[in-house]
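Ligands are counted one by one from 1 in listed order, and the atoms in each one are counted from 1 as well. Throughout, numbering of the chain's residues begins at 1 and tracks the sequence.
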Amino acid sequence: MKLEGKVALVTGSSQGIGQAIAVRLAQEGADIIIDYRSHQEGAQETLSKVESTGRSGLIVKADLGVVSEVRQLIQSGIQHFGKLDILVNNAGIEKNASFWDVTEADYDAVLNVNLKGVFFATQTFVQHLIETKRTGKIINISSVHEELPFPHFTSYCASKGGVKMMTRNLAIELGPLGITINNVAPGAIETPINTRLLNDPEKLGALLKNIPLGRLGQSQDVASLVSFLASPDADYVTGSTFFVDGGLLWNYQEQ
Ligand code: BGC
């Protein structure tokens, strides 16, 4: 087990990729802080799965788009487990609209959760590591769309492009503190964020033609890479993005 004695926070871990990451890190020996915003039963399910590995979990409700809640989330986790070693910034949302129809409220919702939340969760975590004079690992769940245009999802792309530059920048600032930061960039993974696409056979067919490995990804495909980046095996890895996309990045059209 690679993460024995570690404590990890996985934001947005009541479903999808976040849930799989929480369970995988627990299987590797970490205790887990499970965060959710609205899907409480999902958070309970994650907790049961974490506990069935023999590790402990703590459920905390927090909206990653609200900085005071982000800080509260991290403080509650530290209070409960005594420390935090690994931060996985997974929570994310997307809104589909033509650029000229995007509302300010939708723009704010996406940027607040996907970029501002990541920024201040990371800052609060780093402050804790500095205070306790320890090193740590940050893994951001970005997207192929930190790199690849995605028409009708401009706010989402802007947020993920922001996370890409944040990671590159922080690798330099945090390196001297022994803190690493990396992005994992999933492609089309079968999760609730994709429900509309999954239920549209025509779009799904077109998408699959763009994926060299010929299938959608599963949450576990992402979780296994996160568990590596969170472990000492990845001590010399920082400032990079790792794509988990079945090869989709080569050239892509969903609509
Ligand atoms: C988005 C999905 C999309 C996938 C591939 C992800 O980042 O959340 O909606 O299907 O990228 O384009």
- Residue part near ligand 1, for N194, under 4.0 Å between non-hydrogen atoms: side chain
- Roughly how far, to the nearest 0.5 Å, is the CD1 atom of I138 from the CG atom of L129? 7.0 Å
- Message: If we only consider heavy atoms of F153, is any one of them less than 4.0 Å away from an atom in ligand 1?
- Response: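 Checking ligand 1 against F153, which is what was asked, there is no heavy-atom contact under 4.0 Å.
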- Message: Under 3.5 Å, is there a donor on one side chain and an acceptor on the other for S13 and N90?
- Response: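 No, because no side-chain N or O of S13 sits under 3.5 Å from a partner of the opposite role on N90.
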- Item | Side chains of T46 and Q19, donor plus acceptor under 3.5 Å |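 T46 vs Q19: donor-acceptor pair found between side chains.
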- Winner among K160, H145, K203 once heavy atoms are compared against atom 12 (O) of ligand 1: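 Looking at heavy atoms only, the winner is H145.
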- Task: Report the residue from Q123, K83, Q75, R134 that forms a side chain to side chain donor-acceptor pair (under 3.5 Å) with H128.
- Result: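 Considering Q123, K83, Q75, R134, a side chain to side chain donor-acceptor pair (under 3.5 Å) with H128 is found only for R134.
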- Note on the structure: L197 heavy atoms within 4.0 Å reach ligand 1 at atoms 10 (O)
